[in-house]
Amino acid sequence: MFGLGWPEIVALVVIALLVFGPEKLPQAASQAGRTLRQLRQMANNARSDLEANLGPEFKNFDPADLNPKTFVRKHLLDDVEKDWKDDEPDLPPLEPPAPAYAELNFGEIPPYDNEAT
């Protein structure tokens with residue numbers, strides 16, 4: 001529920017007991033539940049009114065699609081990702097590159113490079 005674990009829920013209940021007291025806590029909880037129910041009902045009514053008034057061409061309309069992140073992901077990035085996946089040939093797995101230096105044995109002196117210093 002909202003990413004809360006049991007310790008967080010217990011802490012919220014204890015805080016609610018301290019703030020409202022044991023006498024008023026049931027009234028506050030019922031009022032909060034009623035308010036939440038009314039908000040859900042208002043949201044569902046708004047969604048159904050929108051679907052009814054937009055017409056059949058917007059049958060699958062989802063108000064969450066109006067979020068800019070969702071809109072960009074749905075309408076722009078999905079096509080690009082599909083194109084990238086279609087254009088990629090099946091390549092063999094990459095092998096690690098060979099070292100650009102020669103390995104030295106114990107006691108060998110590395111070559112001196114005048115251009116590097």
Side-chain angles (χ1 to χ4, degrees):
M1 177 172 66
F2 303 113
L4 296 176
W6 285 107
E8 290 90 359
I9 293 173
V10 170
L12 288 174
V13 168
V14 170
I15 291 171
L17 273 172
L18 293 173
V19 171
F20 295 111
E23 299 86 24
K24 293 185 182 180
L25 186 60
Q27 294 171 350
S30 67
Q31 186 177 3
R34 218 174 304 128
T35 304
L36 185 61
R37 196 174 316 114
Q38 287 175 349
L39 287 173
R40 283 184 186 167
Q41 186 179 15
M42 287 171 46
N44 289 336
N45 287 342
R47 176 178 284 188
S48 63
D49 287 347
L50 216 91
E51 289 173 355
N53 292 328
L54 285 178
E57 59 270 3
F58 291 101
K59 180 181 167 189
N60 296 330
F61 176 72
D62 185 15
D65 291 340
L66 298 177
N67 183 346
K69 287 182 183 179
T70 308
F71 183 83
V72 168
R73 187 175 297 124
K74 182 177 180 182
H75 295 287
L76 297 177
L77 296 181
D78 283 347
D79 295 336
V80 172
E81 289 175 359
K82 287 177 188 174
D83 291 342
W84 284 343
K85 289 179 182 177
D86 293 341
D87 291 344
E88 289 180 2
D90 293 333
L91 299 175
L94 295 176
E95 295 179 11
Y101 55 88
E103 293 188 22
L104 300 175
N105 293 326
F106 182 74
E108 286 184 325
I109 299 174
Y112 183 75
D113 188 6
N114 288 331
E115 296 175 4
T117 55

What is the distance from atom [atom1] of [X] to atom [atom2] of [Y], rounded to the nearest 0.5 Å?
{"X": "R40", "Y": "T35", "atom1": "CZ", "atom2": "OG1", "value": "12.0 Å"}
{"X": "L39", "Y": "N44", "atom1": "CG", "atom2": "CG", "value": "11.0 Å"}
{"X": "I15", "Y": "E8", "atom1": "CD1", "atom2": "CD", "value": "11.0 Å"}

Can you sort out the partners of L12 under side-chain contact (heavy atoms from CB on, under 4.5 Å), two or more places apart, ordered by chain and number?
L4
How far apart are the closest heavy atoms of A16 and L25, and which atoms are they?
CB-CD1, 3.7 Å
Could you tell me whether Q31 atom CD has more than 12 heavy atoms of other residues or ligands within 6.0 Å of it?
no
For the pair E108 (side chain) and N105 (backbone), establish whether a donor and an acceptor sit closer than 3.5 Å, ignoring hydrogens and angles.
yes
